[in-house]
Amino acid sequence: MEKAIVTLEINSSCTAWNYNGQRLAAGSSDGTLAIYDSADPASSNFSCASKFKVLETSILKVVWVPPEFGDAVACIGSDGSLSLWEEVVEDGDLIQWKLCKSFKRNSSTVLDIQFGVFSTSLKLVAAYSDGQVKIFELLDPLDLKDWQLQAEFENVIESASKIGQAFCLSATISWIPQRVESQRSSFVLGFNSDVPQLNSSKVWEFDEDHQRWLPVAELALPEDKDDRVLSVAWAPNIGRPYEVIAVATGKGISIWQVGSNPDSDGRLSLERVASLSGHNGEVWQMEWDMSGMTLATTGSDGVVKLWQANLNGAWQEQAIFEPAT
Amino acid sequence: MPGMASDSGDGNTSLVQYSPNPQPITYPLHHGLKPPISRLSISWARGNTLRVTVLRPPQPSAVPEEESGGSVVEVKIGDDGDGEIDDAQWRRIAYGSVTPFALLQSRKNSASTLSKMSAFDNSMWSQHIMEYSAEIKSLLGAPKLSYKSPIDNPKEILEDIRKPTCLKAAWELMDIFYADQQSQAWIPERLIDWLADYDCLLSGTQSSVHSKLVDFQKELVALQAVEDHPKYWEAISSALAIGWLEVVVKLLRLHGSYHYDQLGSRETENGLVEAVAVLLSKMPRLRPELKADKLGECYKSKPDFMKAWEKWRAQITKLDCSSFWLQCEHEETRSGLKSVLQILLGNSSSLSNATQQWIELYVAHFLYIRPFMAGLESMYDLAQKCMQMKPVHEHKLIRLLIGILGENPEVIIAECSRSFGPWMIAHAAELLTVGNIQAEILLSEPRYKLGGMCIEELNRLIYAQILSSHALTWQIAPIYLSSCMIQGMGLLETVLCKQALQNNQVLLKTIEICRLYELDVVSRKIMKIAGVHDWKHGKKGSGVFWLQQVRDEVRLSRIAKQLFDFVGKSVSDESFKQWEGLIELLGSESGTAGGLEFLNKYRDFRRSLHLVNSGVATDAAQKAAEALILLMKNPSTPQRFWLPILYDALKLLNWPKYPLFDVSQTNLMLNKLQELSMVKLRPDFVDADLPPEALNTVRLALGTNLGRAILKE
């Protein structure tokens, strides 16, 4: 039933698969990045195709750039740096991975990033350790060098309220999964920080008319608003009249149904349809399958769980995968 | 919902959809790494494939024996894997079922466009369903050979055949009750046949008549004078109870009284055995036909059958009361044959003793007690009765049968998807809904909690998702997805966008599917991905081709800029050759070039200019001037290149011997420059990489040239 398809090198610290599951990028604690490829789309034998030094410190997270912008990855380092690397063939047939952008650093460090494609432009949301959220936009679709800071804000609903110095341990971002004809630019973001207002996951949407980002929903019950958010995952929507977003906090995993269009005061209708026990320990990661009907999660209890709703809409834990030697 | 975790070996471990509070099943995930494990991460690949990265903690540098730092393990969720059908066979079934499914869908669509289903349509529809079911049935395996009497080995009572699959048995059950309208009148007889074919599947944990016969077969080889052994008579009774008449006759003929040396002394005994054998081989059956090698006599109409039945029963009774029994000296034969007669006479306790499982007893009832049984309700009552008399076997086929007899579509749907997998439910739902309003509503009612789709669609989506996980089957997923009105196209888009597009064959196939389903937006995205990939991986011509197909003006104009810069710089360069072909390609098809065709003219211009620069005389300058005018007149020359081109041409503008451009030509260029100055004020203006004084230098040169041209004219 299970099959080992890649053996990773020693000191590997994180992995990421590209859009079609044909390439794996694996970061390591010594700052090298290895790319594993499979020659044939039908085969699941992967071997290391490229290996190069990205950082002097450990790589914490690797994220692939959407494929219509090239074969490229963004790397977050344990020093809080963020850099973009791209595979190109120049001068003959030599495949090279080139550094195309190193994002400027200040006192804060990058905690999480995600790419979103909005009509033809590529956007990058980055969440920082001081609670700031920055959105960059790619200027030239064929060149990953030039990025422009499009917006910068804090993850709060009422921007008037002043928050003090924030210290964030982690952040989690999930874009609305891209449907080819969809024109919405929206993502959900939550923090794990010492400032309660920042924490709860908020859905941000780009307001085309006024060219600004607006919070359109807060995915937390009134009594849970201060909970530190560990992971968010926006489910693919292949035809539902509503969106589904999973949010993991220390209390477990909540599944939210979110209306597709904002009401008159600019907010999306919300319903928490499930509150699941989650993991014994904290939730590390949540991933929806391509139909948006099965949620896979991992956590510090070291198991993978699958969650599905039954025909009556009740969410249930369906399977547990427990690593075994 | 979308499926069950597969497991090899035992089909019962799949996830339960219908039970109210299912306990999650824990599966081990073998990764082959030494502990400790520091982290897991997950990623969904195509379809329902989940990839789990298992990482070990970083090692201090001095541990050389450790070789791997982690492993990625792939798990297929919700596969049809109970191990009874291998992957290649599954793919054969998957591919084979596409045509019947698609044909049925198209017939359904054309029927619904006619809107009203008249009585004639209904019968037509039944005909379609029957054909559909028969085709699928034939896919699941060739019909099982019946028990023939092999001459070579008289002691082989059961033929050694390949074990049929539960999947086929399940399909056949659905076929009997829902699809095959012609057999509605003799469902009991079809169940008898069904059990004859599949009784061997039911003997997993519990013994069955089949397993009993198999055991006896093993002993038989070593037995002398079989009629002395009670097991011989038990085997005969059991086989008879479930209607395996051929086996019974064959066993009877092994009776010692048939031996030449004993015929004389055991004449009466042999006569009795033969009389029973003859009687049972003339058993009347209420069915249209029997296979050639089957014993019994068929009657299509009930009155004829009843007449024959009464007559046959009378003969048995007569034999039962015959005085010959008193002359039969062999005790075992007498009692054995007597119990055979009791079975033929429908003695319920004899039937119960001769059978192992309730389903066998059930079939025995059809054969000997209630041969006129009709209607699901009474069949269900009888099943209940039989279940009280025998332990109920927890077999998936039996659960399915109980669901069918109980007319409970929910149970049937749940059982089909739970025990037989997504393929089964996606295809069998069509049978279930024939003339069954309750099932129809259950399956096709839109449900908000399923995002507006119905259960039928959900099942197809789940199946399509499984198809799309494999490189050899994803191409047939669209056929199922296109029959899903609410969410099918959405999933199809995702499936297509997740293909291995860097592979040319896959790319072309994906684009073809997009065209077939009119998914223009998807194919644009796919071609864009391919174009960017090729452009950035040294396949520039192919990159431009795909981007031209999409008419991606933004990217093409960036490419034009790059080429322009390159052509501008490298005219004297050897590597110009490499670009020349590309420019040729771009220029050859005007219209699709997306602003690149002017590069062709630009190349001519640069060539002549190059000759001018290398000192070749006025002829070359004249040619370069002509090329420049052509470029300036050409509406496809992008505005942003006007100034760089003119700047390149400074030498021509300042040609010392005489002005190369006449008044109108100079005016044309001046107008372009004027236009450019206006544009420069617009916010989206992108400045070329030229010295800041470039514009003024060109303007001055043009002014001078104008003056000289006027003077010359």
Side-chain angles (χ1 to χ4, degrees), chain A residues 1-13 15 17 19-22 29 41-42 44 67-71 88-89 93 120 140-142 179-181 236 238-241 285 287 289-291 293-294 296 298 302 304 308-313 316-325, chain B residues 1-2 5-8 15 17 24-32 37 40-46 50 52-55 58-59 66 68-75 449 451-452 461 465 471 486-487 490-491 493-494 498-500 503 506 521-522 525 528-529 532 536-538 554-555 558:
Chain A
M1 164 186 182
E2 76 269 41
K3 187 174 148 200
I5 52 168
V6 187
T7 303
L8 297 168
E9 292 191 17
I10 196 157
N11 293 337
S12 296
S13 54
T15 54
W17 287 94
Y19 73 103
N20 60 13
Q22 294 286 320
S29 56
S44 52
E68 49 276 55
F69 296 89
D71 277 41
V88 282
V89 173
D93 299 331
T120 55
D140 175 352
L142 273 181
R179 270 288 295 273
V180 264
E181 79 273 30
I238 53 171
R240 280 187 305 254
Q285 194 194 354
E287 294 286 327
D289 75 332
M290 66 195 276
S291 63
M293 292 195 276
T294 307
T298 60
V304 177
Q308 293 175 337
N310 68 8
L311 296 177
N312 302 319
Q316 290 157 346
E317 184 177 346
Q318 295 284 25
I320 301 169
F321 294 94
E322 204 170 85
T325 327
Chain B
M1 283 169 304
S6 69
D7 196 8
S8 49
L15 303 186
Q17 287 188 12
I25 299 140
T26 304
Y27 302 93
L29 194 69
H30 298 283
H31 50 71
I37 297 304
L40 295 180
S41 78
I42 43 180
S43 173
W44 289 94
R46 267 169 283 162
L50 182 67
V52 183
T53 303
V54 185
L55 292 173
Q59 297 292 313
E66 301 289 355
S68 80
S71 156
V72 182
V73 180
E74 189 173 272
V75 190
K449 286 185 170 153
L461 282 182
Q465 206 175 337
I486 310 289
Q487 305 200 359
L491 191 60
E493 280 177 16
T494 317
K498 279 180 178 282
Q499 292 309 316
N503 178 294
V506 176
V521 213
V522 185
K525 178 177 169 168
K528 210 177 270 187
I529 293 174
V532 171
K536 293 197 171 195
H537 286 80
V554 183
R555 284 184 179 81
R558 301 301 307 182

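Chain A is the first sequence line, chain B the second, and so forth, proteins listed ahead of strands; every chain is numbered from 1.
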*Could you check if a side-chain atom of A/T294 sits within less than 4.5 angstrom of a side-chain atom of B/W44, using non-hydrogen atoms only?*
yes
*Calculate, to the nearest 0.5 Å, the distance between atoms CZ and CD belonging to A/R240 and B/Q487 respectively.*
6.5 Å
_For a quick test of reading the model, state the closest non-hydrogen atom pair linking B/V532 to A/G70 and the distance between them._
CG1-N, 3.6 Å
*Could you pull out the closest heavy-atom pair between A/N11 and B/P58, with the gap in Å?*
OD1-CA, 3.3 Å
*Counting only N and O atoms by type, is there a donor-acceptor contact under 3.5 Å from the side chain of A/N20 to the main-chain atoms of B/Q499?*
yes
*asked:* I need the B/L491 CG to A/M293 CE distance, nearest 0.5 Å.
replied: 7.0 Å
*Could you check B/K536, B/R555, B/K528 and say which one makes a side-chain contact (heavy atoms from CB on, under 4.5 Å) with A/F69?*
B/R555
*Compare all side-chain heavy atoms of A/Q22 with those of B/N503 and state whether any distance is below 4.5 angstrom.*
no
_Top of B/P28, B/G32, B/G451, B/A471 for chain A proximity - count of heavy-atom pairs under 4.5 angstrom_ = B/G451
*asked:* Does any backbone or side-chain atom of A/T298 lie under 4.5 Å from a heavy atom of chain B? Answer side chain, backbone, both or neither.
replied: both
_Under 4.5 Å from any heavy atom of chain A - which part of B/I42_ = both
*Heavy-atom distance under 4.5 Å between the side chains of B/T494 and A/P236, does that happen here?*
no
_Nearest non-hydrogen partners of A/E2 and B/H30, listed with the distance_ = OE2-N, 2.6 Å
*Indicate yes or no for a side-chain donor-acceptor contact from A/W17 to the backbone of B/A45 under 3.5 Å, with no hydrogens or angles considered.*
no
*Give, as side chain, backbone, both or neither, the part of A/E9 having an atom under 4.5 angstrom from any heavy atom of chain B.*
backbone
_Interface residue of largest heavy-atom contact number with chain B, from A/I238, A/D140, A/V88, under 4.5 Å_ = A/I238
*Positive for side-chain contact (heavy atoms from CB on, under 4.5 Å) with A/V304, one of B/V54, B/V73, B/L50*: B/L50
*Could you pull out the closest heavy-atom pair between B/R558 and A/P141, with the gap in Å?*
CG-CD, 4.4 Å
*Given side chains that start at C-beta, do those of A/F321 and B/V75 come closer than 4.5 Å, heavy atoms only?*
yes
*Please test A/D289 against B/Q465 for side chain to side chain donor-acceptor pair (under 3.5 Å), starting from the C-alpha separation and ending with a verdict.*
CA-CA 10 Å; A/D289 75 332; B/Q465 206 175 337; 2.7 Å; yes
*Looking only at heavy atoms, what is the nearest atom pair of B/P24 and A/A319, with distance?*
CB-N, 4.0 Å
*So which heavy atom on A/T15 is nearest to which on B/S41, and how close?*
OG1-OG, 3.4 Å
